[in-house]
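In what follows, a single structure is set out as structure tokens and then discussed.
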Amino acid sequence: MFQRILTVAHQEFRIGLRNRWILLSVVILSAFSMALALLGSAPAGTLDVSRMTITVASLSSLSVYLVPLIALLLAFDAVAGEIERGTLLLIFSSPMTRSEFLIGKAVGHICVLMLALTLGYGSTALMLAATGGGDTSGFIDFARLIATSAILGFAFLSLGYIVSALVRQVTTAAAMAIGIWLVLIVLYDLALLGALVADSEGFFASSVFPFALLANPADAFRLFNLSALDANAMVGGMAGVAESLPFPPVVALASIFVFAGVAMSGAILLLKRVSP
Amino acid sequence: MNNTVLRAENVRMTFDGRDAVKDLSFELGSAERVALLGHNGAGKTTFFKMSLGFLTPTDGRIEVLGAEPGSDKARASTAFLPESVAFQRTLTGVEVLKYYARLKGEDAKKAIGLLERVGLAEAGRRRVGTYSKGMRQRLGLAQALIGTPKLVLLDEPTSGLDPISRQNFYDLVTEISGNGATVLLSSHALTEMEARTDRILIMSKGKLVANDTLDHLRTAARLPIRLKVKSKEEPAEQLANRLGGTPVNCRSVEIMCAHEDKIARIAAVTSLGAMIEDIDVHLPTLDDVYKHFSEKADLEDSAGEA
């Protein structure tokens, strides 16, 4: 069983390296994070906060946009693509189970994400350290950012697998994956913001809004990371909310795990119904 | 002692109220090479998918080595090559083969030897994206040979292959069955089979319409032999009067005759001596035999519906 999961994971990772997905992700992540680090380091001097910490604050907002996108783009092909190429017939005519297959894909894709994140964000951390902005807590902040980004990625990988197992055409799966990104990353926050403006002191703001943030892994991710950074005063916005939350921030982290677990189980159930 | 490798019993498969396969019953013994023939949409691929457990028959049952299709026991001893399989273009042949060997729980290093058997020893280190159609098909076959499958299912393995590649392909099929595996391969043309299979199954509109050796099918079809006689000067009508048959142009006559009358008819033609310029004997081709069986089924079908 583990042998087969590892085989699939290894192959996915190899494909990620071979088709330059990892390279592309690293380039994008490091380019954006370097830019943010250089631009964001200006106020650090006046606020007496570590440059690394303030960079991580900007990078968590970057992760909210990029990591789900990369994850969805890695995942949408997982089932529909194998159906279209005819390889799923081969794979499932071997003694491999549906759950082994999808778990293998997920492990491989998470490794791809981890490598891209480590290289992309790591290069920025090293650059900051080399220019004298590094400290131990800053490195811990970076490590937390990379680890939680991978968890966020897992949640969106699972969503991508659901889409991929739902439709038989790769192009449809791709379109749906982009749709999910647009809804959960862009429109969801806009809708929350609108509702908050309309009802800034009432029932929504106090009782619905915090849980609405938990329900979306991208918001939960931002919530956890910003409150984990001991820099609330300066990052503002979302972090201000973190203090008035009706639950400790670690609940936000747990909710991403729960979301990912539920989505992954859903994807496996869907895959069991797929006729390759 | 039961050496039935694949058994289909009154199998019916319905999609949206339409029968894709009906009343399908046959058995395959060990080390047999059997061809499953039929038009596109005759139900061949549906049958393969049922034999692999991807589809469950609406009625009837299929057994693979006495086990349920798709069960661990069945999957462990079945190999399959789908009709059109596109391996990851960015991976090399060796990487693809090792992957499937590991999924099947077989020794990946030993599987590499199969590349040599299908003539891809050199190309194994190159990416699949650079392969020709024939090479990709051979890689697919190598994948199907990993381990020691007892049943090898090949869905249209030779479609799109050039004659030489096809020859090589059948050489391999013979080798596989020589090692004790039963091979069931599908095709839409009888001419592709040549004499490389022990038995032929013909499916038409989801039904099995023939199940025999090629020679028996040829005899059973009782297709006429066509003689084409060309006269030197005589007009075709005159020739037709003397020999029977129908004039086809001003100097040629076509005579249809049964297999057993062939010699007598040719003797009659040659007795005309100097009048005859040329004679052509056309035996029924494999395509004619195939057409005969699938059309016969069509006729019976429409007679039944009327």
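Every chain is numbered from 1, with letters handed out A, B, ... down the list of sequences. Keep in mind it's a predicted model, so treat the numbers as computed, not measured.
For the set B:Glu83, B:Lys49, B:Arg127, the count of heavy-atom pairs under 4.5 angstrom toward chain A peaks at B:Arg127. Per-residue counts of heavy-atom pairs under 4.5 Å with chain B were compared for A:Ser93, A:Ser275, A:Gly81; the largest is that of A:Ser93. Top candidate by heavy-atom pairs under 4.5 Å with chain A, chosen from B:Thr90, B:Leu81, B:Leu52, is B:Thr90.
Residue B:Glu175 qualifies as enclosed at atom CD: its count of foreign heavy atoms under 6.0 Å is above 12. Within 6.0 Å of CZ on B:Phe15 lie more than 12 heavy atoms contributed by other residues, nucleotides or ligands. Within 6.0 Å of CZ in B:Phe169 there are more than 12 heavy atoms belonging to other residues, nucleotides or ligands. Crowding of A:Met114 atom CE: a count of heavy atoms from other residues, nucleotides or ligands under 6.0 Å not exceeding 12.
At a 4.5 Å heavy-atom cutoff, the contact between B:Leu103 and chain A is made by backbone and side-chain atoms alike. In this structure, no portion of B:Arg89 lies under 4.5 Å from any heavy atom of chain A. Using a 4.5 Å cut-off between heavy atoms, A:Val274 does not touch chain B at all. Heavy-atom distances place no part of B:Lys98 under 4.5 Å from chain A, backbone and side chain included.
The side-chain heavy atoms of A:Arg14 and B:Glu95, taken from C-beta on, include a pair separated by under 4.5 Å. Looking at B:Tyr99 and A:Ile91, their side chains come closer than 4.5 Å, going by heavy atoms from C-beta outward. Two residues are said to be in side-chain contact when any heavy atoms from C-beta on lie closer than 4.5 Å; A:Arg18 and B:Gln88 fail this criterion. Contact of the B:Phe48 side chain with the A:Leu89 side chain is not registered, since no non-hydrogen atoms from C-beta on lie closer than 4.5 Å.
Under a 3.5 Å cut-off, the side chain of B:Arg75 and the backbone N or O of A:Phe92 do form a donor-acceptor pair.
Taking both residues in full, the closest heavy atoms of A:Ser94 and B:Lys104 are given as CB-CG, 3.8 Å, listed atom of the first, atom of the second, then distance. What you find for A:Arg98 and B:Phe54 is that their closest heavy atoms are NH2-CD2, 4.1 Å. When all heavy atoms of B:Phe80 and A:Leu90 are compared, the pair lying nearest together is O-CD2, 3.1 Å. The two residues B:Pro82 and A:Gly86 make their nearest non-hydrogen contact at CG-O, 3.7 Å. Across all non-hydrogen atoms, the minimal contact from A:Gln11 to B:Leu91 is NE2-CD1, 3.1 Å.
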Evaluate the side-chain contact (heavy atoms from CB on, under 4.5 Å) criterion for residues B:Arg102 and A:Arg4: first the C-alpha distance (whole Å), next the side-chain angles of each, then the deciding distance (0.1 Å), finally the verdict. CA-CA 7 Å; B:Arg102 291 201 183 102; A:Arg4 290 195 287 264; over 6 Å; no
